Amino acid sequence: RHSHFISTFILSDITQKGYEKKRTKLLAPYIIQTPGKNSTITQLPPPSSSSRYRERRARRSHRSGGTRDDRYRSDIHTEAVQAALAKHKEEKMALPMPTKRRSTYVQSPVENHTPPDSSSGSEDETSVRRQSTVIAPPPAVNPNLQSPDSWINHSVQGSSTSSSASSTMSHGEAKPQPQSQPQPQPQPQYRPQYQPLYQPQYQLQEPPRTAAVTEMLAKSRIGVPVSSRVSTKIQQLLNTLKRPKRPPLSEFFTDDSEEIVEVPQPDPNTPKPEGRQTIPVKGEPLGVVSNWPPALQAALARWGATQGKSPALTALDITGKPLYTLTYGKLWSRSVKLAYTLLNKLGTKNEQILKPGDRVALVYPNSDPGMFWVAFYGCLLAEVIPVPIEVPLSRKDAGISQVGFLLGSCGVGLALTSEICLKGLPKTPAGEILQFKGWPRLKWVVTDSKYLTKPSKDWQPHIPTANTDPAYIEYKANKEGTVVGVAVSKVAMLTHCQALTQACNYCEGETLVNVLDFKKDMGLWHGVLTAVMNRIHTISVPYAVMKACPLSWVQRVHIHKARVALVKCRDLHWAMMAHRDQRDTSLASLRNLIVADGANPWSVSSCDAFLNVFQSHGLKPEVICPCATSPEAMTVAIRRPGVPGAPLPARAILSLGGLSHGVIRVNTEDKNSALTVQDVGHVMPGALMCVVKPDGPPQLCKTDEIGEIIVNSRAGGNMYYGLPGVTKNTFEVIPVNANGVPIGEIPFVRSGLLGFVGPGSLIFVVGKIEGLLMVSGRRHNADDLVATALAVEPVKTVYRGRIAVFSVTVFYDERVVIVAEQRPDASEEDSFQWMSRVLQAIDSIHQVGLYCLALVPANTLPKTPLGGIHISDTKQFFLDGNLHPCNILMCPHTCVTNLPKPRQKQPVGVGPASVMVGNLVAGKRIAQAAGRDLGMIEDQDLVRKHQYLTEALHWRAQTDPDHVLYVLLNAKGVTVGTATCVQLHKRAEKIAAALTEKGSINTGENVVLLYPPGIDLIAAFYGCLYAGCVPVTVRPPHPQNLAATLPTVRMIIDVSVSACILTTQNLTRILRSKEAALSVNIKTWPTIIDTDDLPRRRPPQIYKPPTAEMIAYLDFSVSTTGMLTGVKISHAAVSALCRSIKLQCELYSSRQIAICLDPYCGLGFVLWCLASVYSGHQSILIPPFELESCLSLWLSTLSQYRIRDTFCSYSVMELCTKGLGTQTDLLKARGVNLSCVRSCVVIAEERPRLALTHSFSKLFKDVGLSPRAVSTAFGSRVNLAICLQGTTGPDPCTVYVDMKSLRHDRVRLVERGAPQSLPLMESGKILPGVRVIIVNPETRGPLGDSHLGEIWVNSPHNASGYYTIYGEESLQADHFNTKLSFGDPQTLWARTGYLGFVKRTELLAASGDRHDALFVVGSLDETLELRGLRYHPIDIETSVSRAHRSIAESAVFTWTNLLVVVSELCGSEQDALDLVPLITNVVLEEHHLIVGVVVIVDPGVIPINSRGEKQRMHLRDSFLADQLDPIYVAYNM
């Protein structure tokens, strides 16, 4: 109450001393402790009305008129929240604010905002309102409540409240001061969980760098100035995460056979129930009144006949004025007419469409109670079963298909409605009523009087005595959103009316004002059924009237001198907000104000506040009657109207901490986490009630334990209609005692309410089962969390009534999600500040971490018919990524506490020798594999004699001059260039001559070849060899993107110290252009020779190297980790490699192959430039960039030339899959036929992309592609071609590996479809002359079959070493000439840097031996080490790409142990924030990792190299340098 008094004295300006005095005086009469053990219950004062009134006046003067729309209002709570936040404030916590592109801000036009009052509109979900929070008092008066704006950010690390401030700060300046990391406050039982998830001991080592590159990078990449907005925020995030909030972990995860999840140990201080076992509570007997009718219809018949003029129902128009009054006579005659029509007049003459017992839907709007009453009673008289439902407004109504499920389960085929309503239903263009999704086909019947037939004189409706047949079916949506029908029997309906009459003391002829929905629940039970039984006059106030005029129900009570009013807390609240407009209303006539949602824990403050305002208008305190109900048990308990002057019932002040453990404890220690609840009176007459444990067998609770209330009574629901399975569990519960023995025979019905029985058998309800969130074994009530969130300033951020709280299951526990609608005028800063405070308030008060808090634009959450939020649909939207939030905050670090413990690397106690011996003892072979032996195979071709490619070309030009070696195609598939053996030779001679004359190049110097993919490149290559210089092929810069591509060219030229550049005229112009000058220094290019029109000259002689160990060419490539490495390829390696490929692929001069990949490095270059000259086959060259203008170019070429063997890259395959996947019919029509293709090899240096090759094979199966054709190759920097699927040998095989074991550097093979399994495909057959062995990278000892290790390779075509300027030899020796530590210490191996394993298969190799398959898992440089485990980025990316349809591509990297996920968004920008929770969920579920930062970018932002591999380190640098222009960056807390 503190805050409430503060505002009082701000207004009346009294001193602190005076304030204390006044406060004690005000509180004195109320502070009484009830003696004895029930000290749980204390009397709470209704605060003095005048002060409350003044406070509200003051509040109004601060804001525009009473537009406040506050559900869940409680001053106590507000104060608690402020105190909790003040505590956090001392800890100075700074959360980084998300970065957002301007275009994603919510731009909502003003028209479509609902006026604030309706925004509340909640129906029974949550309509408890709480008044506004208090105006923050000036600190001078009350130093311990600090003003909210000073709260979030006076922290030292670049604060995020002003993004401008934070964007200018760099790491250097933002030194977190010691006080920014306070020691956590000790808290009972719960440790709020900011655990340092990323254990600092696993700093990622930078991958070893080539020396040549290290210097380059010293200038470029490593020196990225990290003074950017992003980095400051990440720094802030790290500081936040480092706050010690959790005890250190004791022992460590050693083996993956342990269960994944860490099971939290039970806390010894957890409160346990200590009371004795409860006993069932009995209601007073149901009295027998002589003139009670034998059935409800009989009552209507009686009043219709004897009291025909007496008013039954008054309906109001939209302005709140009476529209019509239906008398009992009219109600009776119309209902009889309808009953007659239904039974006799619907079909043709002699067929009867409806029979007694059939179910009929009633579809009437909330504003037309009269039509509904007639329809309902007409059905009862016809003995058909009415199923009232909401009017469907559109195909997209929230939960519309679930209503279809209800109609289906009830077997409804006919719907009754009014003419006006029928006109308003959504129609098809043909004018028929829409077939709603999931609905059965319905026949619609209009029930307006003019369409009804008057029955003949002798026809009377049949009114039997009430029996157990169903009378009506009430719909109910359960937690998952399924709508079921609770069937109420005729006798239950009648008994319930009798019990309500007795409990509420209804008298014949009274007047009742009903604000509730008359189709179900209290509105139906009191306002339609019990009212008719007692000939009550009901005034029905529809929701629309309440929206327009919130005081209308109070005015109706005053005008009609009503004795009873039927309302919800929302209505109390609205009336209170609007009450200044009315001076002379009187509520003195009320003897019973029934509060339908009085069972909601937060209703107590609405009741108190309403009483405060209206006591001066004659409202008596004892008339307020809260009650508790549920669709299944109907009325569970209701407070009886009190005797004037009797003491008011007690209140319970409970500890929220205790409640979360299911026990009742008086709140003593921390008033901030208290819940004050009012009773809901006593059990209904004639009923028996127990409290049982909500989960497990229905065991009776102890007296101090919270449980589910179950009821046995004749006045309750009977079953879920048409669903016998679920019925048993709810309607036939037999409670058991502590030993599990049933306490009797009689079945009870579950009410779905959680509560306990207080002193004097008063019932207290603390929540509903469906609002229960079970997090880490503790229970939290959704309504309580809503209340806390809404007590947080600044309230102008969100709409009060539009907030949903639910839990989602992620990684073996429930996680709490809050979604609210943001007001259009709330600024980004406000929203973020509000969200950060909500996190902290909930953490402090409920001791539970929020997983996700999302704000969506106004009016976008799915609504229930009366304006509340449709929780289950909202949850579904969240899980499907359709919520489109405008602000989101994820806090997985805080609330995910069950992650497995980080693994610590065990010291390797076993030496490599013992591993090998162990393997031999176990009968496991050492993991090695080899291709065929090169030396054994006789090569018939004469080429064998030529040691050098230059000799081979010269020889071909002489022996077969006109044989066409190369055909180059353009985008139209037209040949734009060919080269015969002699043409190529002559052209190479011209270039060699130019090099020696123009460039005055000396033998052995490096020459850069800068050409687009084509024949010029090949000629220039051989020209260099003829001249004795060393060619370096470089991809030309992209003319439209010089800034990004030219520096790489410059870097290779500088690193390779090239003496000259050979290129085309066009590229020469570009290199010297002004645009080029902007990104590099163009004055220092080496000599540029344009080879487009050279004079016909011949070099004096063709150079012949003195030994085959001389360098033939340099191969430069940028690895995916952003490292530029050049390797030296000797003449001997060139001919060994060409020979190996020739043998594997059976290449000879009569063959044709098609090549569609980039010819600048690796195996791509070898196939494009070298293989044809060696083997003599014809190569059809298709430059990949031509596919951009003609997607089908490659495939139609294969078909047109009947190609048997083709080579492509992943990028080409992806282009075809994405671009042509839907057009296979079109290709077929154009005559494309791929049945000729025998092998299609993807050239790559990575793990085979199984998903892509599969979908490619599947899609193009329609145009004849054999499923066996597609395979992959594998090469690395140290050896360009290790595997290549040849023409012979078994098909590549696939195995399934357990992902968990891979993280532990092990291979565990599992069955296909096993959970967490990863399919791996063999990377082609090992080439002739190649040997591989699997080695432990740490001990360098050989490993056994099916063990994961580094792939080492030995082959005559290994590269000779890295190209370095200042001979750094250590890496050289380590990567190229390294020896095993044990086993075979002689052989020299090269380390590929890739992890993989060898598995001996059942298949036979060509030699007849069993085939050893090599499986590549991924590059060691790329792996992420997190929590002591090794992750391959591609695995996480695969999961991420599956998370949402709008994710085009994604990439992950780590930065100081934070996992960063970058995703390209291919949908609209409003989907951007939907991705954040889904990405976080999927990575947590599948990889047990918490994502630190989620970055959403435009398509095409993730850099990809020519092999189609992601350049993750480039991406990381751009991210840290703030160059990505992201759509959204979310920092997960």
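Just so we're clear, the structure is a prediction, and the values are computed from it rather than from any experiment.
The closest side-chain heavy-atom distance from Val896 to Leu1484 is below 4.5 Å. Using a 4.5 Å heavy-atom cutoff, the side chains of Ile1129 and Leu1114 are not in contact. Under the 4.5 Å side-chain criterion, counting only non-hydrogen atoms from C-beta, Ile1053 is in contact with Pro1086. Side chains of Leu1017 and Thr1033 form a contact here, defined as non-hydrogen atoms less than 4.5 Å apart. The side-chain heavy atoms of Val1032 and Val1007, taken from C-beta on, include no pair separated by under 4.5 Å. Looking at Val1476 and Tyr1528, their side chains come closer than 4.5 Å, going by heavy atoms from C-beta outward. The shortest distance between side-chain heavy atoms of Phe832 and Pro98 falls below 4.5 Å. Residues Ile1088 and Leu1067 are not in side-chain contact: their nearest non-hydrogen atoms beyond the backbone lie 4.5 Å or more apart.
No hydrogens or angles considered: nothing links the side chains of Asp1115 and Tyr1160 as a donor-acceptor pair under 3.5 Å. Remark: the Thr99 side chain and the Tyr1531 side chain contain an N/O donor-acceptor pair separated by less than 3.5 Å. Side chains of Tyr1431 and His1487: a donor-acceptor N/O pair is absent below 3.5 angstrom, by distance only. Judged by distance alone, the side chains of Arg1050 and Thr1084 do bring a donor and an acceptor atom under 3.5 Å apart.
To the nearest 0.5 Å, atoms CH2 (Trp1352) and NE2 (His1375) are separated by 10.0 Å. To the nearest 0.5 Å, the span separating CG on Leu1124 from OG on Ser1117 amounts to 8.0 Å. One distance of note links SG of Cys1156 with CG of Leu1187; it measures 5.0 Å at 0.5 Å rounding. Interatomic distance, Leu1009 CG to Thr1063 OG1, rounded to the nearest 0.5 Å: 9.5 Å. Atom CD1 of Ile1447 is separated from atom CD1 of Ile1479 by 4.0 Å, given to the nearest 0.5 angstrom. Here the straight-line distance linking atom CG of Leu1429 with atom OG1 of Thr1423 works out to 11.5 Å at 0.5 Å rounding.
Contact between Phe1185 and Pro1013 at its shortest, heavy atoms only, is CE2-CD, 3.6 Å. What you find for Val1118 and His1514 is that their closest heavy atoms are CG1-NE2, 4.2 Å. Shortest non-hydrogen contact noted between Leu1478 and Ala1443 is CD1-O, 3.6 Å. Annotation for Asp1305 and Arg1430: closest pair OD1-NE, 2.7 Å, computed over non-hydrogen atoms. Summarising the geometry of Cys1161 relative to Arg1277, their closest heavy-atom pair is CB-NH2, 4.4 Å, with the distance given to 0.1 Å. Residues Ile1243 and Gly1164 share a closest heavy-atom pair of CG2-N, 4.0 Å.
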Check against side chain to side chain contact (heavy atoms under 4.5 Å, CB included), Glu1509 and Ile1504: CA-CA 5 Å; Glu1509 298 165 340; Ile1504 285 182; 6.0 Å; no
Residues Asn1532, Val1494; criterion side chain to side chain contact (heavy atoms under 4.5 Å, CB included); working and verdict: CA-CA 8 Å; Asn1532 284 348; Val1494 180; 4.2 Å; yes
Verdict with reasoning, Asp1498 to Ile1527, per side chain to side chain contact (heavy atoms under 4.5 Å, CB included): CA-CA 7 Å; Asp1498 296 309; Ile1527 299 172; 3.4 Å; yes
Trace of the side chain to side chain donor-acceptor pair (under 3.5 Å) decision for Glu1245 with Ser1276: CA-CA 6 Å; Glu1245 300 189 3; Ser1276 70; over 6 Å; no
Audit row: Phe1376, Val1127, side chain to side chain contact (heavy atoms under 4.5 Å, CB included) steps and yes/no: CA-CA 10 Å; Phe1376 288 89; Val1127 290; 4.0 Å; yes
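The backbone N or O of Ala1390 lies less than 3.5 Å from no partner atom in the side chain of Thr1378, so there is not a single donor-acceptor pair. Panel note: side chain Thr1454, backbone Asn1457; no donor-acceptor pair is recorded below 3.5 Å. With Glu1464 contributing its side chain and Gly1500 its backbone, the two residues share a donor-acceptor pair below 3.5 Å. Under a 3.5 Å cut-off, the side chain of Trp1085 and the backbone N or O of Leu1071 do form a donor-acceptor pair.
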List the atom pairs, with distances to 0.1 Å, where a side-chain N or O of residues 1035-1043 and a protein N or O form a donor-acceptor pair under 3.5 Å, not counting sequence neighbours.
| residue | atom | partner | partner atom | Å |
| --- | --- | --- | --- | --- |
| Arg1035 | NH2 | Asp1158 | OD2 | 2.8 |
| Arg1035 | NH2 | Ser1506 | OG | 3.0 |
| His1038 | ND1 | Gln1040 | N | 3.1 |

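A side chain to side chain contact (heavy atoms under 4.5 Å, CB included) with Leu1475 is found for exactly one of Val1440, Ile1496, Thr1480, Val1461, namely Ile1496. Under the salt bridge (charged side-chain N to carboxylate O under 4.0 Å, His left out) test applied with Glu1437, the options Arg1247, Arg1249, Arg1512 reduce to a single match, Arg1512.
With salt bridges taken as basic N to acidic carboxylate O contacts below 4.0 Å, none links Glu1246 and Lys1510.
In this view, Ser1058 and Ser1056 satisfy the side-chain hydrogen bond (donor to acceptor under 3.5 Å, both in side chains) rule, not counting sequence neighbours.
Between Tyr1113 and Phe1165, the ring centre distance stays below 6.0 Å.
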